[in-house]
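Written out below as structure tokens is the structure these notes cover.
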There are 2 protein chains.
Amino acid sequence: MSDKIKTRGRGRPRAFDRDMALDQAQALFHAQGYEGVGVAALAEAMGINPPSLYAAFGSKALLYAEVLDRYSRASPLSEPLIGPATDPDARPAEALTNLLRKAARIYSADPATAGCLVLEGERSTDADAACRARSCKDASVQQLHGFIAVTHPDKADVVADYVAAVMSGMSADARAGHSTERLTAVANMAALAIAAMLPTA
Amino acid sequence: MSDKIKTRGRGRPRAFDRDMALDQAQALFHAQGYEGVGVAALAEAMGINPPSLYAAFGSKALLYAEVLDRYSRASPLSEPLIGPATDPDARPAEALTNLLRKAARIYSADPATAGCLVLEGERSTDADAACRARSCKDASVQQLHGFIAVTHPDKADVVADYVAAVMSGMSADARAGHSTERLTAVANMAALAIAAMLPTA
DNA sequence: TGATTTATATAGCGATCACTAATCATTTCT
DNA sequence: AGAAATGATTAGTGATCGCTATATAAATCA
């Protein structure tokens, strides 16, 4: 039969699914933040003991880094732009407006994991965690910048910063319990500035 | 001679200035956040021992509450609006734009205390601290709302939320080390949406 | 089968957290 | 002066933090 993705090694096989464990860790970090959750709680949610967590992920900080990476790939700050960005006829103002509206929906969809994992992680008191989240955000803003620069190179700096700032504010509002409608209203108003800055011309 | 503001009581007089101690506490909380600073560090910065801190302020949470209150009075989210709000001929769009520009300057003025104490406190992992900061923010947003409602009652909800969201995003950017110019550029772009929503008519 | 390798579970490490009991010092009251 | 009241100091409380030493279980290798 076919080989597994990775040939099983020598020692005792791992008794838990690494990806499912990451799912649990991501949910906990998203719900309670980096400092709000301890390794004991993480291990329990994963169904393992702390030593297994350290053997599989190295440390709490490295586990968090993996979660950030995972989250960024699954639900990036700039996800809906990847497609349009490759289209030379893309309409940036429209795409960015849709991005904000989508964020309004996602951030307030599940009260248990309100807001953006990355943007909230950026505010962490732990220097290491905040730095990792910041890098994650910067990468997304850079992607945003590249997308805007295709059609409006001189305004890409401001517009990318602006969109990120609005999303950060919406993330905070989502954590405060604001409804999807309330967030969407903010997104729609924010879109007015985008339309003014990036005329379809 | 004249009586002091408060007649001196019976026991041993306090050996430190309560207001100056609050200044130090505010600086520390602003620099490192509620969870980032411990009572030992607070007491040392205030030049006192932990028991004196508890005798004078009750607890870390109550001290933080006092600091929030103090900060809100000295540098409120909506400070520049109090004056104009009493003027029936106020131009809200202009006032809000100035508010955002002022925030851009204040948030990035001192790298050691970047961002807004209240808006950053809102993201705290500690439930109690986050709730207190949230109340503080809500009060400011409410004030903002009242100011806008004078001339544009139907749009006050969205606009107040929008301004608060942008300020929250700018606060995060300030903590990430963004320059005053970069923050001001975002403020100016954000003002476009305000101008579009609140025509001088 | 026996050696090697890796994962597991138990238990606990030192450090730090917010907080305080006990004692002493300094003031005002009678 | 002596009693009463309040602040300051020392030294530590139990709880939780991230993390790990140790021993055992389960797999592959020779």
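Convention: sequence-line order gives letters A, B, ...; per-chain numbering from 1.
At whole-Å resolution of the value, NZ in B:K60 and C1' in C:dT16 are 12 Å apart. Between the OH atom of B:Y54 and the P atom of C:dA18 there is a distance of 7 Å, rounded to whole Å. One atom, CZ of A:R14, and another, P of D:dA27, lie 15 Å apart when rounded to the nearest Å. One atom, CD1 of A:I48, and another, P of D:dC19, lie 14 Å apart when rounded to the nearest Å. One interatomic measurement links the two molecules: CD of B:E35 to P of D:dG18, which rounds to 12 Å at whole-angstrom precision. Atom C1' of nucleotide D:dA23 and atom CG of A:N49 are separated by 14 Å, given to the nearest angstrom. Atom CG in B:L53 sits roughly 13 Å away from atom P in D:dT9 (whole-Å rounding). Between the P atom of D:dA26 and the CZ atom of A:F16 lies a distance of 17 Å, rounded to the nearest Å.
Base engagement by A:P51 is indicated by at least one non-hydrogen atom pair under 4.0 Å involving a base atom. If you check every strand for non-hydrogen atoms under 4.0 Å, A:A55 touches nothing.
Taking 4.0 Å as the cut-off between side-chain N and carboxylate O, B:R182 and B:D173 do not count as a salt-bridged pair. Under 4.0 Å is where a charged nitrogen must lie from a carboxylate oxygen, and between B:R134 and B:D138 no such pair does. Of the charged side-chain nitrogens involved, none lies within less than 4.0 Å of a carboxylate oxygen, so that A:E181 and A:R105 do not count as a salt-bridged pair. We find that A:E66 and A:R18 are joined by a salt bridge, their nearest charged nitrogen and carboxylate oxygen being less than 4.0 Å apart. Between A:R132 and A:D128 there is a salt bridge, since at least one side-chain N of the basic residue sits less than 4.0 Å from a carboxylate O of the acidic one.
The phosphate of C:dA7 has neither OP1 nor OP2 within less than 4.0 Å of any side-chain N or O from A:S52.
For A:R12, counting side-chain heavy atoms from C-beta on, the closest listed nucleotide (C:dT6, C:dT26, D:dC19) is C:dT6. Nearest nucleotide to the side chain of A:P13, out of D:dA26, C:dT8, C:dT27: D:dA26. Considering only the side chain of B:S59, C:dC19 comes nearest among C:dC19, D:dG7, D:dT9.
Heavy-atom distances to DNA chain D give each of B:G47 and A:R10 a nearest nucleotide, and the one nearer the 5′ end belongs to B:G47.
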